[in-house]
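First up is the structure itself, then whatever we jot down about it.
Source: prediction; values computed, not measured.
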Amino acid sequence: MRLTTPIHGLSGANADGRQRSDASDSGSAGVKTMGKGNILIADDDAAIRTVLNQALARAGYAPRATGNAATLWRWISQGEGDLVITDVVMPDENAFDLIPRVKKLRPDLPIIVMSAQNTFMTAITAAERGAYEYLPKPFDLNELISVVGRALAEPRKRAQRLSAESTDGMPLIGRCPAMQDIYRVLARLTQTDLTVMITGESGTGKELVARALHEYGKRRNGPFVAINMAAIPRELIESELFGHEKGAFTGAQTKHVGRFEQAEGGTLFLDEIGDMPMEAQTRLLRASRKANYTTVGGRTPIRTNVRIIAATNRELQQQIDQGLFREDLFYRLNVVPLRLPPLRERLEDIPDLIRHFLSIAEKEGLPPKGFEPAAIERLKRYHWPGNVRELENLVRRLSAIYAQDIVTADMVESEFATAHRAPFPDAQEANGDLSESVERYLSDYFMGFGQDLPPAGLYTRILRKVEFPLITAALAATRGNQIRAADLLGLNRNTLRKKIRDLGIKVIRTPSV
């Protein structure tokens with residue numbers, strides 16, 4: 001059962017219809033019962049108090065409810081209650097201001113926070129203040145009962161508090177159920193040093209999540225160092241990660257400090273980990289296992305103390321099956337998997353995202369804008385191949401090139417037609433000339449970076465994307481015969497063998513029929 005508010009037909013009256021003298025105080029009169037535990041409830045919504053009272057009582061607990069923070073504090077200071085369930089916003093005090101006093105007086109008392117302000121910062125603040133769990137409204141009653149049972153069964157531990165920080169500026173935007181689940185996981189992960197694997201399509205915000213984990217976590221005073229595997233030539237990745245000694249290879253004129261050393265005491269974000277070559281994967285696995293590494297050309301092991309967060313838009317299990325990614329490294333990095341939903345799975349977040357991007361655009365000097373409802377509905381019907389990044393760039397473009405204060409559906413439609421020729425290309429266009437397909441791909445690719453340029457090395461990356469399917473198709477057509485495939489492609493046999501090895505292509509010979 002999912003609890004929604006408001007619930008009509010419930011009031012602060014007693015069962016016989018007489019109004020209580022204190023409508024905000026219900027349940028036992030402070031007498032310790034022999035149930036599973038005494039639960040203190042604080043919420044200014046009488047309907048929620050009634051439903052929680054009934055649900056907890058049916059589960060064998062002894063609930064007691066109030067509609068204000070003052071009464072809740074009085075009960076807690078008198079030593080009552082084995083667990084607290086509280087809303088954030090109450091008439092007399094915000095629960096986030098109350099919780100630190102509670103944790104100081106009774107550090108082992110578990111507190112479950114509820115809130116209709118379903119934002120990332122609500123979840124983070126709940127964790128910072130020492131709450132056991134955060135539940136966004138509306139919530140599932142069965143889940144709440146499960147959380148209560150888990151909290152009372154676990155040994156009491158003082159929650160580690162983060163230093164008080166300003167909560168201005170939301171690093172992540174969205175209130176849909178999928179984002180709520182992510183917020184709750186992130187709030188827990190900020191208290192740990194666990195390795196996280198973030199998966200999701202390009203443009204979903206994987207680096208934003210990694211930065212949030214760092215900036216609100218235990219290592220926030222250390223450096224955050226990001227490296228994109230797809231943006232670095234394969235032969236230089238090991239040097240970039242671990243550094244190299246002078247003279248280690250041709251062109252190594254001086255000693256180079258690697259990203260592991262730069263991230264010491266902080267967080268190392270390995271973006272597009274699926275593009276890491278096998279040799280570097282082996283070295284990374286050894287470093288993560290032994291917490292030390294050697295530079296390229298070096299012999300002395302260097303101790304390392306970094307938290308690793310990895311991200312990819314690839315299906316790593318498929319790459320493992322193809323022999324392109326080490327299975328043992330996958331399990332080493334995939335301690336906590338976190339999937340970011342594409343924008344098409346969270347369309348209800350588009351209005352919040354638009355407001356956020358418009359605010360940023362205005363701070364950057366662009367004129368203030370608004371979106372008419374029809375324009376927002378048109379955006380919700382779009383398929384968003386570039387995800388949140390594409391939406392951000394569209395909002396910036398609309399803010400910059402149109403003089404009107406209100407963005408209309410016609411403006412949005414015009415931008416879709418200009419940027420993509422058609423929002424949904426037909427089959428004939430999709431199967432057109434290869435050069436036209438590449439041109440459309442590159443147009444979308446560059447648009448994804450807005451006013452910035454893509455990372456250096458674009459030529460090599462694009463060739464690699466074309467070479468892999470081309471050589472794979474040639475090998476499939478020749479049933480794995482590399483001599484015939486080389487003739488088909490017009491390549492030297494040794495050149496083809498080197499490309500197969502460099503690209504990590506798995507060759508399977510099949511008999512002719």
Side chain of Arg184, backbone of Tyr134: donor and acceptor closer than 3.5 Å? yes
Take Thr204 and Asn387 through the side-chain hydrogen bond (donor to acceptor under 3.5 Å, both in side chains) test and state the conclusion after the steps. CA-CA 6 Å; Thr204 50; Asn387 291 295; 5.6 Å; no
Compare all side-chain heavy atoms of Met114 with those of Leu52 and state whether any distance is below 4.5 angstrom. yes
Under 3.5 Å, side chain of Arg307 to main-chain N/O of Leu194, donor-acceptor pair present? yes
Is the shortest side-chain heavy-atom distance between Asp140 and Ser146 below 4.5 Å? no
For the side chain of Arg106 and the backbone of Glu80, is there at least one donor-acceptor N/O pair under 3.5 Å apart? yes
So does Lys290 have more than 12 non-hydrogen atoms from other groups sitting under 6.0 Å from NZ? no
What's the spacing between Ile320 CD1 and Phe330 CZ if we round to 0.5 Å? 5.0 Å
State, yes or no, whether a side-chain contact exists between Arg332 and Leu285 at a heavy-atom distance under 4.5 Å. yes
Heavy-atom nearest pair, Pro223 first then Gly265, reads CD-C, 4.4 Å
For Asp82 against Pro110, the heavy-atom pair lying closest together: O-CD, 3.3 Å
From Ile198 atom CD1 to Arg339 atom CZ, the distance as rounded to the nearest 0.5 Å: 13.5 Å
Side chain proximity check, Asp92 to Met90, heavy atoms < 4.5 angstrom: yes
Is the side chain of Arg259 donor-acceptor paired with the backbone N or O of Ala226 at a distance under 3.5 Å, no angle test? yes
Rounded to the nearest 0.5 Å, what's the gap from CG on Leu40 to CH2 on Trp73? Could you check? 12.5 Å
Shortest non-hydrogen pair, Met276 vs Met229, comes out as CE-CE, 3.3 Å
Taking every heavy atom of Glu264 against every heavy atom of Arg303, the minimum-distance pair comes out as OE1-O, 4.1 Å
Any sub-3.5 Å donor-acceptor pair from Trp384's side-chain atoms to Leu379's backbone N or O? yes
Candidates Leu340, Leu353, Asp352 - the one meeting side-chain contact (heavy atoms from CB on, under 4.5 Å) with Arg346: Leu353
Would you call Asp45 and Lys137 a salt bridge, using N to O less than 4.0 angstrom? no
Measure the shortest side-chain to side-chain distance between Pro342 and His383 over non-hydrogen atoms and say whether it is less than 4.5 angstrom. no
Return the CG to CD1 distance between Asp193 and Ile308, rounded to the nearest 0.5 Å. 11.0 Å
Between Leu398 and Lys369, which heavy-atom pair has the shortest distance, and what is it? O-CE, 4.0 Å
Examine distances only and state if a side-chain atom of Tyr183 and a backbone atom of Gly174 form a donor-acceptor pair shorter than 3.5 Å. yes
side-chain contact (heavy atoms from CB on, under 4.5 Å) for Tyr382 and Leu347? Distances and angles first, verdict last. CA-CA 9 Å; Tyr382 183 57; Leu347 296 175; over 6 Å; no
Side-chain heavy atoms of Leu186 within contact of Leu338, under 4.5 Å: yes
So, does Thr190 use its side chain to make a donor-acceptor pair with the main chain of Ala187 at under 3.5 Å? yes
Distance-only donor-acceptor hits, side chain of residues 205-214, under 3.5 Å, sequence neighbours excluded:
from	atom 1	to	atom 2	distance (Å)
Lys206	NZ	Gly200	O	3.0
Lys206	NZ	Glu201	O	3.0
Glu207	OE2	Arg211	NE	3.3
Glu207	OE2	Arg211	NH2	3.2
His214	ND1	Thr267	OG1	2.8
His214	NE2	Gly222	O	3.0

Salt bridge (charged side-chain N to carboxylate O under 4.0 Å, His left out) evaluation trace for Arg396 with Glu392: CA-CA 6 Å; Arg396 288 174 181 271; Glu392 178 180 9; 3.2 Å; yes
side-chain contact (heavy atoms from CB on, under 4.5 Å) assessment of Val102 paired with Val84: CA-CA 10 Å; Val102 175; Val84 172; 5.6 Å; no
Looking at Arg101 and Leu98, would you say the former's side chain and the latter's main chain have a donor-acceptor pair under 3.5 Å? no
Sequence neighbours excluded, which residues qualify as side-chain contact (heavy atoms from CB on, under 4.5 Å) partners of Pro177? Glu348
Between Leu270 and Ile227, is a side-chain contact (heavy atoms from CB on, under 4.5 Å) present by the stated rule, with each step listed? CA-CA 5 Å; Leu270 305 176; Ile227 178 172; 3.5 Å; yes
Reported CG-to-CD1 distance for the pair Leu343 and Ile350, which is rounded to 0.5 angstrom: 4.5 Å
Could you walk me through whether Leu316 and Thr199 satisfy the side-chain contact (heavy atoms from CB on, under 4.5 Å) test, starting with their C-alpha distance in whole Å, then the side-chain angles of each, then the deciding distance to 0.1 Å, before giving a yes or no? CA-CA 9 Å; Leu316 289 185; Thr199 59; 5.9 Å; no
Flag side-chain contact, heavy atom, 4.5 Å: Leu284 against Ile273: yes
I'd like to know if the side chain of Gln281 and the backbone of Arg326 have a donor-acceptor N/O pair within less than 3.5 Å. yes
Working to the nearest 0.5 Å, report the span between CE of Met411 and CZ of Arg378. 15.0 Å
Got a donor-acceptor contact below 3.5 angstrom from the Ser414 side chain to the Asp410 backbone? no
When you compare the side chain of Ser115 with that of Phe96, does any pair of heavy atoms fall below 4.5 Å? no
Heavy atoms of Val113 and Ile99 approach each other most closely as CG2-CD1, 3.7 Å
Ile173, Val388, Leu172, Asp349 screened by side-chain contact (heavy atoms from CB on, under 4.5 Å) with His356, the one that passes: Ile173
